[in-house]
There are 2 protein chains.
Amino acid sequence: MELKGFNAFKDSVQFSSEQTCLDFLNVNREQIRIKKDETAVRNLVRIFDAALAISSGKGFQAMSVRDLSREANLSMGALYSYFKSKEELLEMLRSLGCRVLERVLADEIKPDSSPAERLVQAIEAHLYMSEIMKPWFYFNYMEAKNLRKEEQRKAIERELYTEGIFVGIIRSGMETGEFRTVDPLLTAAVLKAMLQDWYLKPWKYQGRTVTVEDYAGFVIGMVEHFLKNPEGQTAIR
Amino acid sequence: MELKGFNAFKDSVQFSSEQTCLDFLNVNREQIRIKKDETAVRNLVRIFDAALAISSGKGFQAMSVRDLSREANLSMGALYSYFKSKEELLEMLRSLGCRVLERVLADEIKPDSSPAERLVQAIEAHLYMSEIMKPWFYFNYMEAKNLRKEEQRKAIERELYTEGIFVGIIRSGMETGEFRTVDPLLTAAVLKAMLQDWYLKPWKYQGRTVTVEDYAGFVIGMVEHFLKNPEGQTAIR
DNA sequence: GTCTATATAACGATAGAC
DNA sequence: GTCTATCGTTATATAGAC
């Protein structure tokens, strides 16, 4: 196993809040009343950062729009020219990270790599993205239940989609004989659970001075150990 | 590996909501204004069940005391003779399952078993208890952040305590040579994450008709595969 | 574009009748 | 023990001045 490492990953994805908000603005142009891009992006960044910060402490429902107004340094009236209800703000926040996450996963997982290599790429991409956008990932997980039924369905679909990436990799590894025969669905499910633990319990890993690379290395080691065919790589390649 | 199985487990713990609420009443006698045990227990069961049901849908913060009054078939006034504030209700709910959980873990993990056996006992106990008290486990996880700082600290302590049970088992298995050398803290952490996934995403496993025994078998298989010393049991050293 | 001020609804909590 | 009625507070959302 050969890890890309967190720093190399960060350089290659070039994440910035401003770029993310500009993308967001371009997609949701009609819902936002502000006409000047520069103003809109600047305030969107402040709104999103503040909302994620407050929500991570006490949850989105318990955050009042007044709280948000204070934290983002914008008046009530100003806020309501970026969204028309608190519920809409919730859905804006949710959709924020989805686009960038999907793009990164598509970029970082190389279809012509071996299953074992793609497994490492996928695990690193998931973990490192969750490290970069930790507040969003936490929010996305904890607030899913507050979405409307329809949006909730989409959120579940999304979880199953990223899990499906792992299922696909495991299946193809089993076909080439690189991996031994396991239950691909359950394996992907518990792998996902491990990856999510990284951003769900930051207090745990921070307190133990475990870095995200340490964690990635451990998870990859465990999964490889579980999947590796003891008879060695039996074919194709 | 030899599993006890869910039904055998259920028989041996003899869980009942009424018993749990009676225990609770005996511990918190001074905070509850109702004098007749029978009435108090009956209503406590209704309050707790209703509160967990509503909270699991939209979270505790979003649940109004009026919602609770409707669902539990008790008036506002009646509710407030069982707790003196919504926040106190939150802490009552949190403490509910802790006692019974701790008792069960102590009963089910036999100190004179081998590390491998104790590992199976601990995993089964955790999973099966979370299946029996699923609404409470979900609540306990999702609402921890709404507790007061002091109570939050205790919640983290509790998480680390149950995780510590696994750490202890892994360490002793490494000492006897039954297990190979791994990072006990990280192993226990990801194991915990796997166990929690069972009650955090019921929609996933229910939809796939995976039973809790299936899940237990899979997790135990994976962890044993990870821990098992390839050289076999090399004795005490 | 952003502000202050306010309308309107819902909230948690309590007092007092039964 | 439980209910109904109601208090004071806080919430979301908007209107109109700047």
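Proteins get letters first, then strands, A, B, ... in listed order; numbering begins at 1 in each.
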Mind checking if Ser75(B) touches a base, just sugar-phosphate, or nothing, with heavy atoms under 4.0 Å? base
Ring centroids only, cut at 6.0 angstrom: are Tyr80(B) and Phe83(B) within range, meaning strictly under it? yes
Quick one: is the NZ or CZ of Lys134(B) closer than 6.0 Å to the six-membered ring centre of Phe139(B), and within 45° of its axis? no
Rounded distance (Å) that lies between atom P of dT14(D) and atom NZ of Lys84(A): 9 Å
OP1 or OP2 of dT14(D) versus the side-chain N and O atoms of Tyr80(A): is any pair under 4.0 Å? no
Rounding to an integer number of Å, can you tell me how far Phe83(A) CZ sits from dT14(D) P? 11 Å
How many Å lie between CZ on Arg33(A) and C1' on dA15(D), as a whole number? 11 Å
5′-ward residue of the pair Asp37(B)/Met63(A) relative to DNA chain D: Asp37(B)
Nucleotide range of DNA chain C lying under 4.0 Å from chain A heavy atoms: dG1(C) to dT6(C)
Would you say the side-chain atoms of Thr211(B) and Asp214(B) include a donor-acceptor pair closer than 3.5 Å? yes
Aromatic centroids of Tyr128(A) and Phe6(A) separated by under 6.0 Å: yes
Nucleotide dA13(D), atom C1' - distance to OH of Tyr82(A) in whole Å: 18 Å
Aromatic Tyr138(B) / basic Lys201(B) pairing, under 6.0 angstrom, 45° off normal: no
To the nearest 0.5 angstrom, please state how far the OG atom of Ser55(A) sits from the CH2 atom of Trp136(A). 13.5 Å
State plainly whether the residues Glu150(B) and Arg153(B) are in salt-bridge range, i.e. N to O under 4.0 Å. yes
Listed in order of residue number, which residues of residues 39-46 of chain A have a non-hydrogen atom at under 4.0 Å from DNA chain C? Thr39(A), Asn43(A)
With distance as the sole criterion, is a donor-acceptor pair present between the side chains of Asn140(A) and Arg94(A) under 3.5 Å? yes
